[in-house]
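Below you'll find the structure, written out as structure tokens, and then a few comments.
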Protein chains: 2
Amino acid sequence: MRMSEGVEWGLHCCLVLSWLDDLAPLPVGRLAEVFELPPQYLKKQLQPLAKAGILASEPGARGGYRLAREPEAITLMDVVAAIEGGVDPFRCTEVRRRGAGTLAEAGEFAHPCGISVAMRKAELAWRRELAGQTVADLLAAAPPAAAQRARRFVQRVA
Amino acid sequence: MRMSEGVEWGLHCCLVLSWLDDLAPLPVGRLAEVFELPPQYLKKQLQPLAKAGILASEPGARGGYRLAREPEAITLMDVVAAIEGGVDPFRCTEVRRRGAGTLAEAGEFAHPCGISVAMRKAELAWRRELAGQTVADLLAAAPPAAAQRARRFVQRVA
DNA sequence: GCGAGACTACTCGGATATATTTTGTCCGAGTTCTCAGGG
DNA sequence: CCCTGAGAACTCGGACAAAATATATCCGAGTAGTCTCGC
């Protein structure tokens, strides 16, 4: 089980876009330079965020990405769901119905599989924690020097 | 992000091995028949559980797998960690140090990355829930008919 | 000097290859049971 | 009839392919800025 690195990139980019809100929209190329990431692939990772309404994109020259909402309104769950697709890590394939399960009576499978319930309970706790933290919280925790450095870096390159 | 189906299979097999404890050790072939799973691949998935001390394996004829501990002593976290390798789904690649981060002062990275901390907090909640549930809990929640059916099925095939 | 128009440069969006992980299969080492032969 | 010993069958363990997913790259559609030409 491995989360896509796009989640890490996306969150870092949300922070930078918050810091450089007055310079928006910011092209992907600039964002990529800030973290030395492959620009094309970073763009591919940010596209789902735009589609999910977390980022707003502007085409054409002088275009780029900006935050579509206030940092307080963007939860980590939003970002993870947008990039990972919002599917459960654990996927019940109803193994219980196969093999010996084919001999079961009809009503037995009315209740969901206990293993699935247990795993989903754990994932719910995970989601609850993700939904309880916002990009604004990350901004508060980040060192102020990083924000200033990112700003100078982007302006220097420009 | 997708959890290996080996987790689902492993947990179901733990249940069956609990139900059929007096028939142990049970070969993988029998377990595979109970759920119509590819026997060789199921074996591959159960091997990490044996290595982790959750299952005990016996080689040779009349060999097979049995539970190495009481169901009360096997948590879902144990099974997930054994099969998934115990690594964090989110992996911080220290992106903050690259690009603009190379200009930072030395002490700034003494504190861990805030994004990493946030993600780890969520994963901790997930792990806590997994560690709080045992195979014994799954046994209690499973329909009694399933246990009897599995027993009859295995004995019939034999 | 000023305005209109076409051109160029730059942006995002989606379609196309490569790498890596997951899934699935195969062969070898070891142990137990079976069965034939001898006492 | 009982014991001994060799053979055969069955088990797990780890090494070897195939498929699926994630990673990385390229090309096309569209927009803003710019430069030239005409008035």
Side-chain angles (χ1 to χ4, degrees), chain A residues 1-10 13 17 23-33 35-66 68 80 82-85 87 89-91 93 95 154 157-158, chain B residues 1-10 13 17 23-33 35-66 68 80 82-85 87 89-91 93 95 154 157-158:
Chain A
M1 183 172 46
R2 188 174 161 185
M3 181 172 287
S4 166
E5 58 190 342
V7 172
E8 182 185 12
W9 296 4
C13 287
L17 288 173
L23 301 178
L26 204 62
V28 164
R30 290 290 156 73
L31 281 170
E33 287 169 353
F35 299 114
E36 279 185 73
L37 298 176
Q40 301 281 26
Y41 186 37
L42 175 61
K43 177 161 63 67
K44 184 186 180 77
Q45 296 286 27
L46 295 185
Q47 279 176 1
L49 294 180
K51 198 173 293 183
I54 296 167
L55 301 184
S57 66
E58 298 188 13
R62 290 275 187 169
Y65 287 101
R66 73 173 77 238
V80 170
I83 292 179
E84 291 291 335
V87 298
F90 178 88
R91 260 164 271 188
T93 61
V95 159
V154 169
V157 174
Chain B
M1 183 171 47
R2 187 176 162 187
M3 181 173 289
S4 167
E5 57 190 343
V7 172
E8 182 186 11
W9 295 3
C13 287
L17 289 173
L23 301 178
L26 204 63
V28 165
R30 291 290 156 75
L31 281 170
E33 286 168 355
F35 299 113
E36 279 185 74
L37 299 176
Q40 301 282 26
Y41 186 37
L42 176 60
K43 178 160 62 69
K44 185 187 178 79
Q45 296 285 25
L46 295 184
Q47 280 175 2
L49 294 180
K51 199 172 293 182
I54 296 168
L55 301 184
S57 66
E58 298 188 15
R62 291 274 186 171
Y65 287 101
R66 74 173 75 239
V80 170
I83 292 180
E84 290 291 334
V87 298
F90 178 87
R91 259 165 270 189
T93 61
V95 159
V154 168
V157 174

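Please read these numbers as outputs of a predicted model, since none were measured by experiment. Every chain is numbered from 1 and lettered A, B, ... according to where its sequence line falls, protein lines coming before strand lines.
A pairwise comparison of heavy atoms in A:A50 and A:Y65 identifies CB-CE2, 3.9 Å as the closest pair. Residues B:S4 and B:I83 share a closest heavy-atom pair of OG-CG2, 4.3 Å.
Looking at which nucleotide of DNA chain D each of A:R62 and A:G6 is closest to, the 5′-most match is held by A:G6. Each of B:E84 and B:L42 lies near DNA chain C, and the nucleotide nearest B:E84 is the one positioned closer to the 5' end.
Whole-Å rounding puts the B:Q40 CD to C:dG24 P distance at 13 Å. Atom pair B:Q47:CD and C:dG24:P shows a separation of 16 Å (rounding to whole Å applied). If you take CD of B:E33 and P of D:dC10, they are 13 Å apart, rounded to a whole angstrom. Distance, A:E8 CD to D:dA22 P: 17 Å, rounded to whole Å.
Under 3.5 Å, the side chains of A:T93 and B:E8 contain a donor-acceptor pair of N or O atoms.
A:Q45 places no side-chain N or O within donor-acceptor distance of the main-chain N or O of A:G10, the cut-off being under 3.5 Å.
You'll find the side chain of A:L49 stays beyond 4.5 Å of the side chain of A:C13, heavy atoms only.
You'll find that the side chain of B:A61 is closest to C:dT32, out of C:dT25, C:dT32, C:dT16. Nearest nucleotide to the B:P59 side chain, out of C:dT31, D:dC27, C:dC33: C:dT31. When the nucleotides C:dT25, D:dC12, D:dA24 are ranked by their closest atom to the side chain of A:E5, D:dA24 comes out on top. Of all nucleotides listed (C:dC12, D:dT23, C:dT25), D:dT23 comes nearest to the side chain of A:Q45. Checking D:dA24, D:dC26, D:dC12 against every side-chain atom of B:Y65, the shortest atom distance belongs to D:dC12.
Within 4.0 Å (heavy atoms only), B:M1 reaches sugar-phosphate atoms of the nucleic acid but no base atom.
Within the structure, a side-chain polar atom (N or O) of B:Y41 is placed less than 4.0 Å from OP1 or OP2 of C:dT23. At D:dT21, one or more side-chain N or O atoms of B:R2 fall inside 4.0 Å of OP1 or OP2 (strictly under the cut-off).
For B:Q40, the side-chain hydrogen bond (donor to acceptor under 3.5 Å, both in side chains) criterion is met by no residue, not counting sequence neighbours. Listed by chain and number, the residues in a side-chain hydrogen bond (donor to acceptor under 3.5 Å, both in side chains) with B:E58 are B:R66 (sequence neighbours excluded).
Within residues 48-58 of chain B, no residue approaches DNA chain C, by heavy-atom distance under 4.0 Å.
Looking at B:K44, its side chain comes within 3.5 Å of the base of C:dG24 through a donor and an acceptor atom.
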